Protein chains: 4
Amino acid sequence: MNTRSSALVAETGRRNEAAILNAAIHAFGTKSFNGASMRDVAKGAGTSLSNLYNYFPSKSKLLAAAMRHANDELQRRVRTAVDQAGDDAPSRLREAVRAHVGFVVDHRVAMVVSTNDVRFLDAEDRDALVVDRDATEATFERIIAQGTTEGSFHTPYADDAARAILGAAGAIAGWYRPDGPLSRGQLAEQYARFALALVEGPLPR
Amino acid sequence: MNTRSSALVAETGRRNEAAILNAAIHAFGTKSFNGASMRDVAKGAGTSLSNLYNYFPSKSKLLAAAMRHANDELQRRVRTAVDQAGDDAPSRLREAVRAHVGFVVDHRVAMVVSTNDVRFLDAEDRDALVVDRDATEATFERIIAQGTTEGSFHTPYADDAARAILGAAGAIAGWYRPDGPLSRGQLAEQYARFALALVEGPLPR
Amino acid sequence: MNTRSSALVAETGRRNEAAILNAAIHAFGTKSFNGASMRDVAKGAGTSLSNLYNYFPSKSKLLAAAMRHANDELQRRVRTAVDQAGDDAPSRLREAVRAHVGFVVDHRVAMVVSTNDVRFLDAEDRDALVVDRDATEATFERIIAQGTTEGSFHTPYADDAARAILGAAGAIAGWYRPDGPLSRGQLAEQYARFALALVEGPLPR
Amino acid sequence: MNTRSSALVAETGRRNEAAILNAAIHAFGTKSFNGASMRDVAKGAGTSLSNLYNYFPSKSKLLAAAMRHANDELQRRVRTAVDQAGDDAPSRLREAVRAHVGFVVDHRVAMVVSTNDVRFLDAEDRDALVVDRDATEATFERIIAQGTTEGSFHTPYADDAARAILGAAGAIAGWYRPDGPLSRGQLAEQYARFALALVEGPLPR
DNA sequence: AATGAATGAGGATTCATTCAT
DNA sequence: GATGAATGAATCCTCATTCAT
């Protein structure tokens, strides 16, 4: 019951905690924060309702933890990809976008939670998350700035292009179906090119 | 109390109906469908809770009506813009994007409802909405196909570019602030160029 | 089910409100504020749980309203008694004590609520109640001061005698049983004498 | 954290037991039996929730033990005081009242628990406590009877005067503040005189 | 003794909806 | 159309208690 094909949180040490977090992501992503009940989460995690509160003090804190995990994983993937790419802006942007799209495809529900339910966090948790989120955005912004400086990207709107790219990529979560016509790889490829074109960078022929 | 600067639904004939719809869009957009109560809507519309049911038979049908209105307005704007543009794909795409972005900026909350809450509609209403939505998407797809055929757009992914453009534009609702550094006009201008670049079309210098 | 022998709140106009208040006094007095559930109150009032909230916004506000009613009735009785007594301090004290004891006997549960559950009110409601309560206490203090000035009471502790008298009278609620050896009238008589003796005033032979 | 200025139960041998009992008295006295949770008690005692059950089999039994301790201490103080007083009823009553008031002042919360929460004991425990309580009351009754027989007290209501005196003294717990205008000693003095006056006994000039 | 994890029952409160007026 | 009162189901969360360690 717990073996959802691609759980976001790995079960290391604290069995239940991971199970609860994954169930929460699933429930919130599917039915939205307010539409999913703690009972739903408990059922999904295979534990009792009250036991949830031994791990997370409130529904909102559970959401915060779930979103933190999702964001960490996204950042980890993007950073790794950028680090392993070449030094030039085009290949770095390309790999960053591919990694980002890969995450969105692998964890569509987590992505939905991330974009829809931030508003239900405590002010404190929300602020912390926004900081993290901005860090991811900043990674893209830096690459684009680098490309502009280097002369490989010619967009006059370098400052705002990152948001457009991340917006397009994030929206994938809303419509992608793994059994649809596009494979994960094709999609990543497409969006990498869209991104390069958008910043008016060099395109493979 | 009802005079929200830019109400989506105009008050023609049925006073209350428009007030209720606008209040619903505001409430659902702000607190999400499940987070907003019918009491919230009633309060926002300046009428009594029970009176809501004289206009809409259920919360879900109210949501459906609200989304229908939002979608109609979006489609109207985009179509008008396209009709008034030149005959060539680049200017048509440019105007379509400008119109779309304009709508998103003017009705951010409605946009949020539209993208987040479709899942709470009855199957029937959801299907109807998806059809309408696809129509808007198809408008963009047709323009891109035209441009590709004409030879002005060179993207190899003509079939999927519309979704990327609409995704980027829709995401604006999540972060745009009217008192921020970007004016409505500048934003429309930016995204029009992003779109043209993305489809690898001709860019003004 | 509602016809408790001596309801504190009379049913005038708003049927349900009186029924709820009386049920609340009964439930809180019997099982204490935290031990009584809103369901208990609803059952006692013959209405549904959720309907309670159409009359009182929270359990704590319901308690506040109940205590307000109890205090009003107590004050009313004491004032009437004092007004109808002679002008001399001894007969005024006598009548005040008799009225107070009468109230305690008639509404023992209300008295229990009043003395035990003040701490569960909102700060605001608690303050308001304390003011009212002090007013009752002040009535006794004034009489004692008058008696001291007139020379009929000789206690050296005139300032604190009221609290002792009210304490003794309030405690009656904890042990009095209507079917016990003491009648309501005898009890009132006893405590009136106790009070006069305590302030070292003139005693009937 | 456990060192409350005047703990009722001394730490002899079983550290934890005393800590738990004192924490229970504090919690129940502050928030009432139903308002205080076993978690509150555990926190106050500096131990774990589950460990409480190694000392007391249930919340209600814990309450019983706490009340037993409070009552024992009260009785001990009153008896000692009476034993050390002279043989005449007036000085015995005087010392008994002083001791009783002293206890109430020193252990206000314990007194609150004692008077408010008896009803939450098991029938068995409640009966046992009532017996103990009656013993304390009987001490006062005996002194008053003695005084009446000796001819030093003239109240016609000798049988019921004890309850009035104890009621007045017990109520002190509800309003006394150590930082208020009355010292512990003054208060004891006042109530001793109130008691003597109430039974119509001889008063110091 | 001591603990952390677990649980079923029950707590106050809110909700969408209905109905009599 | 419009309203206030009514309700059953569901919400989040807390509780006393147990159990394995």
Side-chain angles (χ1 to χ4, degrees), chain A residues 14-17 20 33-42 45-63 120, chain B residues 14-17 20 33-42 45-63, chain C residues 14-17 20 31 33-42 45-63 120, chain D residues 14-17 20 33-42 45-63 120:
Chain A
R14 312 192 188 224
R15 279 263 145 145
N16 263 330
E17 189 167 334
I20 292 171
F33 180 68
N34 283 297
S37 72
M38 288 298 265
R39 261 184 181 86
D40 290 336
V41 176
T47 186
S48 74
L49 166 61
S50 38
N51 197 29
L52 256 43
Y53 290 86
N54 286 325
Y55 293 82
F56 302 95
S58 73
K59 195 187 183 187
S60 157
K61 291 295 182 187
L62 171 54
L63 172 64
F120 301 115
Chain B
R14 312 198 195 214
R15 280 250 145 165
N16 265 330
E17 188 167 336
I20 293 172
F33 180 68
N34 283 296
S37 71
M38 289 296 266
R39 272 172 174 88
D40 290 334
V41 175
T47 185
S48 76
L49 168 61
S50 32
N51 197 27
L52 258 43
Y53 290 85
N54 287 323
Y55 293 83
F56 302 94
S58 75
K59 195 187 183 188
S60 159
K61 291 294 183 188
L62 171 54
L63 172 63
Chain C
R14 310 190 187 229
R15 279 261 145 148
N16 262 331
E17 190 167 334
I20 293 172
K31 316 170 90 174
F33 181 68
N34 283 297
S37 72
M38 288 298 265
R39 264 183 180 84
D40 290 336
V41 176
T47 186
S48 75
L49 168 60
S50 37
N51 197 28
L52 256 44
Y53 290 85
N54 286 325
Y55 293 83
F56 302 95
S58 73
K59 196 187 183 187
S60 156
K61 290 294 183 189
L62 170 54
L63 172 64
F120 301 116
Chain D
R14 315 199 191 211
R15 279 253 147 163
N16 263 331
E17 189 168 335
I20 293 172
F33 180 69
N34 283 296
S37 72
M38 289 297 266
R39 270 175 177 87
D40 290 335
V41 175
T47 186
S48 76
L49 167 61
S50 32
N51 198 28
L52 258 42
Y53 289 85
N54 287 323
Y55 293 83
F56 303 95
S58 75
K59 195 188 184 188
S60 158
K61 291 295 182 188
L62 171 55
L63 172 64
F120 301 116

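Order of the sequence lines fixes the chain letters, A, B, ..., with proteins taken first and strands second; residue numbering starts at 1 for each chain. Values below: all heavy atoms of this structure, side chains included; hydrogens, waters and symmetry mates excluded. In this text the structure is predicted, and so the values were computed from the model without any measurement.
Taking atom CG on D/N51 and atom C1' on E/dA5, their separation rounds to 16 Å, with Å as the unit. Taking atom NZ of residue A/K59 and atom C1' of nucleotide F/dC13, one finds them 12 Å apart after rounding to whole Å. As a whole-Å value, the separation of B/Y53 OH from E/dC19 C1' is 13 Å. Distance CD (C/E17) to P (F/dG4): 16 Å, rounded to an integer number of Å. The interatomic distance linking D/F33 (CZ) with F/dT14 (P) rounds to 19 Å, in whole Å. A/N34 has its CG atom 14 Å from the P atom of E/dT14, to the nearest Å. To the nearest angstrom, P of F/dT17 lies 11 Å from NZ of D/K61. Across the protein-nucleic acid pair, C/M38 atom CE and F/dT14 atom C1' stand 17 Å apart, rounded to whole Å.
When all heavy atoms of C/S60 and C/F120 are compared, the pair lying nearest together is OG-O, 3.7 Å. When all heavy atoms are compared, the tightest approach of D/I20 to D/V41 is O-CG1, 4.0 Å. In this structure, A/N34 and B/G35 approach most closely via the heavy-atom pair ND2-CA, 3.5 Å.
Between D/S50 and A/L52, it is D/S50 whose nearest contact on DNA chain E lies nearer the 5' terminus. Positionally, the nearest nucleotide of DNA chain F for A/D40 lies more toward the 5' end than for the other of A/D40 and D/P57. Taking for each of B/A36 and D/Y55 the nucleotide of DNA chain E with the nearest heavy atom, the 5'-most of the two is the partner of D/Y55. Remark on DNA chain F: of its neighbouring residues D/S60 and C/T47, the 5'-side contact belongs to C/T47, judged by nearest-heavy-atom nucleotide.
Contact annotation for D/A42: no contact, since no heavy-atom pair falls under 4.0 Å across all strands.
Across all strands shown, F/dA20 forms a Watson-Crick or G-U wobble pair, both distances under 3.5 Å, with E/dT3. Partner assigned to F/dC13 is E/dG10, using Watson-Crick or G-U wobble distances below 3.5 angstrom.
The phosphate of F/dC12 has neither OP1 nor OP2 within less than 4.0 Å of any side-chain N or O from A/S58. Regarding contacts with the backbone of E/dA6, a side-chain N or O of A/N16 is found under 4.0 angstrom from either OP1 or OP2. For D/S48 and E/dG4, the shortest distance from a side-chain N or O to OP1 or OP2 is not below 4.0 Å.
The base of F/dA5 has none of its N or O atoms less than 3.5 Å from a complementary donor or acceptor on the side chain of C/N54.
Atom OG in A/S50 sits 10.5 Å away from atom CE in A/M38 (nearest 0.5 Å).
With hydrogens and angles disregarded, no donor-acceptor distance shorter than 3.5 Å links the side chain of B/K59 to the backbone of B/S37.
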